[in-house]
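Order of the sequence lines sets the chain letters (A, B, ...), proteins ahead of strands, with each chain counted from 1.
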There are 4 protein chains.
Amino acid sequence: MPKDTFFNLPDEKRQRVIEAAIEEFAKGSFREARVTAIAEKAGIPVGSFYQYFEDKKDLYKYIIQLIAEEKIAQINQDMIANMQRYGFFQLLREVYASAFRFAKEHPRLVAIGLSLWNDKALYHEVYGDYVETSADFFQKIIAKGVADGDLDPDIDPAFVARLLTALNYALAEIVYGDGKLDLDDLEVVDKMLKLIENGIKNRAAARGGC
Amino acid sequence: MPKDTFFNLPDEKRQRVIEAAIEEFAKGSFREARVTAIAEKAGIPVGSFYQYFEDKKDLYKYIIQLIAEEKIAQINQDMIANMQRYGFFQLLREVYASAFRFAKEHPRLVAIGLSLWNDKALYHEVYGDYVETSADFFQKIIAKGVADGDLDPDIDPAFVARLLTALNYALAEIVYGDGKLDLDDLEVVDKMLKLIENGIKNRAAARGGC
Amino acid sequence: MPKDTFFNLPDEKRQRVIEAAIEEFAKGSFREARVTAIAEKAGIPVGSFYQYFEDKKDLYKYIIQLIAEEKIAQINQDMIANMQRYGFFQLLREVYASAFRFAKEHPRLVAIGLSLWNDKALYHEVYGDYVETSADFFQKIIAKGVADGDLDPDIDPAFVARLLTALNYALAEIVYGDGKLDLDDLEVVDKMLKLIENGIKNRAAARGGC
Amino acid sequence: MPKDTFFNLPDEKRQRVIEAAIEEFAKGSFREARVTAIAEKAGIPVGSFYQYFEDKKDLYKYIIQLIAEEKIAQINQDMIANMQRYGFFQLLREVYASAFRFAKEHPRLVAIGLSLWNDKALYHEVYGDYVETSADFFQKIIAKGVADGDLDPDIDPAFVARLLTALNYALAEIVYGDGKLDLDDLEVVDKMLKLIENGIKNRAAARGGC
DNA sequence: GATGAATGAGGTTTCATTCAT
DNA sequence: AATGAATGAAACCTCATTCAT
């Protein structure tokens with residue numbers, strides 16, 4: 001956790017430091033990020049950096065925490081709180097939509113998140129073992145979806161949860177990537193949902209007689 | 001590209017170097033990998049390293065190339081060559097199965113690949129802009145799938161291609177990750193295909209009136 | 001010398017600073033002591049530190065002076081003042097006893113003293129060249145001891161003075177050290193005096209023929 | 001322990017490094033010694049320093065070991081080996097004489113030793129807990145001295161051992177100090193022995209009737 | 001070609017002291 | 001006078017790459 005000195009900083013300066021840190025951390029791995037570069041970009045002396053933070057990791061953990069808070073803020077809290085009132089696909093849509101919005105608005109935060117995700121050792125140091133992962137969340141709503149009759153009862157919930165998580169990441173990546181796709185609106189989320197609902201098989205032919 | 005001296009090395013020694021490089025590169029990012037560590041693990045003097053390679057990146061590019069070759073080798077070449085003879089889902093199954101086999105057998109290569117994937121700058125330097133990406137390949141077979149009537153004609157081919165790519169990565173990640181899922185056989189591939197085909201919606205209810 | 005601001009401080013606060021300084025200086029060399037640590041321990045802001053003292057050395061010199069004063073306070077002043085009334089061994093006993101008491105009661109001050117003693121450059125800067133050293137004092141009472149017939153006239157006064165000084169330090173060290181010896185009372189001083197008086201040779205045998 | 005690279009160095013260069021290290025370590029505490037200064041004095045780049053040594057402490061421990069070896073080399077080995085053939089005061093004389101010679105020839109090594117002695121934490125890290133201390137050695141020969149009838153049977157062996165150790169240090173210090181005493185030969189050792197044997201009391205008077 | 005030492009730029013962190021309020 | 005943030009000069013150590021044999 002940053003020291004008090006950091007939180008006592010004028011907003012503008014504090015933001016500059018955060019901004020500089022995001023910029024630097026988004027560029028590569030934690031280890032590759034240079035304190036010097038952050039200080040320089042933020043326009044503060046290196047010495048000051050260590051007045052504000054215990055060390056590089058201290059700042060990093062703080063940024064990760066900011067990211068998590070920002071992510072949560074993007075989700076429609078009402079929906080999460082009153083989960084039981086909504087259908088499975090409604091919930092899924094909200095989750096994906098928020099991931100989409102987040103990635104769209106904060107591509108660099110996505111980059112940082114992906115980078116941390118790739119460094120398992122650091123990941124555990126930052127999050128501990130206990131975090132409720134996205135997969136856990138998906139598994140919960142899948143169970144509900146099956147119980148409500150929204151979902152095919154033959155699916156393997158654990159596996160589908162993993163897959164939905166992967167697609168969640170994929171969404172972020174698609175948006176974050178150089179984006180040859182045109183993704184100006186949330187249409188992409190609906191496309192994805194449709195696929196998840198119905199798959200991609202041509203059913204017209206099969207349904208023939210119907 | 002490694003120098004001739006490298007290729008003139010006795011096989012056993014060359015393999016030791018490759019093995020050491022894979023080990024080191026799999027541990028972290030490109031920048032974090034240490035030439036010294038590679039030389040040490042391979043049991044060669046650092047000096048020799050620079051007799052064999054221009055620099056660290058030279059070796060890295062070579063390893064990436066080996067990985068690509070290994071990936072391709074995992075695919076049923078006959079199927080790719082005679083693509084037009086097979087149905088979409090047959091092709092997709094083979095692609096995913098090979099990705100699965102690859103991740104299962106070469107987790108470290110997957111780690112290296114993911115790490116490179118995360119470093120866009122390096123990625124472009126290594127692959128250039130021109131590479132036929134997985135997305136391109138998927139788009140090709142999707143087009144064929146639609147033409148053949150295997151796929152729902154309403155889908156957005158570019159988008160689905162991206163998604164299938166993402167799922168391909170996801171598969172690797174699932175296998176590579178700490179694997180709380182039980183993935184001893186290819187069942188996982190079939191599960192995934194089924195989802196891609198049909199989605200996860202409970203159709204039983206809807207079919208009712210039919 | 002500390003600034004007036006320091007001496008105008010409320011007693012309690014001034015004592016806290018002194019206490020903190022002693023604690024920190026006792027832990028290592030002068031250079032190793034950290035102003036920040038002292039300020040923190042004393043519960044004052046670093047800024048205030050520099051309101052009270054010119055710099056770190058200023059405080060250090062002051063502490064050294066306090067130590068000297070404390071040392072002197074331990075000695076029976078009457079004895080020193082009326083030196084000529086006492087025998088050599090009486091005086092010596094008092095000097096050693098006071099050193100013993102001092103070390104026993106102020107182990108940290110001893111540590112600081114030893115540390116300074118080890119840094120000749122600093123020592124001279126702090127004490128200058130002129131200080132009346134312990135050796136000088138011993139030399140004075142030795143001269144008197146010889147004159148009075150208390151001491152063997154064959155001894156080399158300068159050398160013995162040095163030795164007695166060394167033993168004085170040794171006493172401090174013995175007490176200050178982890179103390180595997182049992183030193184609950186002043187018995188140790190008497191033991192030392194006895195040795196200084198008579199040496200350790202077995203005289204019984206030799207005296208035989210006498 | 002230094003790396004092989006250090007021991008493979010040409011003698012002249014290795015000596016330069018050792019010399020530089022001694023110079024720097026003699027100047028202050030371990031922590032105060034600067035790697036940069038050592039490298040500079042030795043005329044090697046800092047990088048090379050770390051080719052030779054693990055870190056600063058590695059070099060330090062090595063120097064301490066050299067000092068120990070040098071100290072031992074100064075002692076008449078035959079005497080130590082055949083301890084039982086010699087009388088107590090003969091042995092003591094040899095020990096002190098060797099300490100004297102050592103201090104005379106290697107004042108800086110003495111300084112380093114004293115400095116280490118003052119940093120208990122470092123001392124234990126360097127020597128471990130097991131070292132046979134000088135005090136142990138003294139205690140051994142004292143026991144023998146008492147058994148042989150050389151020493152006054154009333155003395156407290158542990159305490160005298162401590163004292164003789166202190167005097168041993170004192171000798172080093174006297175020589176090492178700015179040396180206002182004239183100590184060109186070993187006379188000083190004999191003076192000290194005489195004191196230890198007989199003390200400083202004027203026995204002539206007391207012996208009166210004899 | 002093989003070897004392994006030499007090099008020095010660059011990274012993180014510490015801390016005495018000054019400055020601004 | 002009190003405060004506590006600002007500053008920047010070191011310090012230690014790492015490592016890709018070059019050099020000399």
### Message
Just so I know, are the side chains of D:Leu59 and D:Pro2 near enough to count as touching, which here means a heavy-atom distance under 4.5 Å?
### Response
no
Give the nucleotide from the list [options] with an atom nearest to the side chain of [X].
X: C:Val46; options: F:dA11, E:dT12, F:dA5; value: F:dA5
X: C:Ser48; options: F:dT3, E:dT17, E:dT12; value: F:dT3
X: A:Gln51; options: E:dA6, F:dA6, F:dA5; value: F:dA6
X: C:Pro45; options: F:dC13, F:dT3, E:dC15; value: F:dT3

### Message
Does atom CD (D:Glu70) have a neighbourhood of more than 12 heavy atoms from anything else shown, all under 6.0 Å?
### Response
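Enclosed.
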### Message
Take a 6.0 Å sphere around CD of B:Glu19 and say whether it holds more than 12 heavy atoms from other residues, nucleotides or ligands.
### Response
yes
Figure out the [atom1]/[atom2] separation between [X] and [N], and round it to whole Å.
X: A:Asn8; N: F:dG4; atom1: CG; atom2: C1'; answer: 10 Å
X: C:Tyr52; N: F:dT3; atom1: OH; atom2: C1'; answer: 10 Å
X: D:Asp55; N: E:dT12; atom1: CG; atom2: C1'; answer: 16 Å
X: A:Lys57; N: E:dT13; atom1: NZ; atom2: C1'; answer: 14 Å
X: D:Leu59; N: F:dA11; atom1: CG; atom2: C1'; answer: 16 Å
X: C:Phe6; N: F:dA2; atom1: CZ; atom2: P; answer: 12 Å
X: D:Phe7; N: E:dA5; atom1: CZ; atom2: P; answer: 13 Å
X: D:Glu32; N: F:dA11; atom1: CD; atom2: C1'; answer: 13 Å

### Message
Pick the closest DNA chain E nucleotide for D:Asp4 and for C:Val35 by heavy atoms, then say which residue is nearer the 5' end.
### Response
D:Asp4
#### Entry: 5′-ward residue of the pair A:Gly47/D:Phe49 relative to DNA chain E
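It is D:Phe49 whose nearest nucleotide is closer to the 5' end.
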Looking at [X], does any N or O in its side chain come under 4.0 Å of the phosphate oxygens OP1/OP2 on [N]?
X: B:Thr36; N: F:dT14; result: no
X: A:Lys3; N: F:dA5; result: no
X: A:Tyr50; N: E:dT14; result: no
X: D:Thr5; N: E:dG4; result: no

### Task
Identify whether any heavy atom of C:Ala33 sits under 4.0 Å from a base atom; if not, whether one sits that close to sugar-phosphate; answer base, sugar-phosphate or nothing.
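Sugar-phosphate: the residue C:Ala33, judged by heavy atoms under 4.0 Å, touches backbone atoms but no base.
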### Message
Applying a 4.0 Å non-hydrogen cut-off, can you work out what D:Ala39 is touching in the nucleic acid: base, sugar-phosphate, or nothing?
### Response
nothing
### Message
Angle between ring planes, C:Phe30 versus C:Phe25, binned at 30° and 60°: parallel, tilted or perpendicular?
### Response
parallel
### Task
May I ask you to decide if the ring planes of A:Phe6 and A:Tyr62 are parallel, tilted or perpendicular, using 30° and 60° as cut-offs?
perpendicular
#### Entry: Complementary nucleotide of E:dT18, counting Watson-Crick and G-U pairs under 3.5 Å
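Paired with E:dT18, as far as the under-3.5 Å criterion goes, is F:dA5.
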### Task
On DNA chain F, check which nucleotide each of C:Ile44 and C:Arg31 is closest to and give me the residue with the more 5' one.
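Taking each residue's closest nucleotide, the earlier one in sequence belongs to C:Ile44.
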### Query
So does D:Glu23 pair up with D:Lys27, basic N to acidic O under 4.0 Å?
no
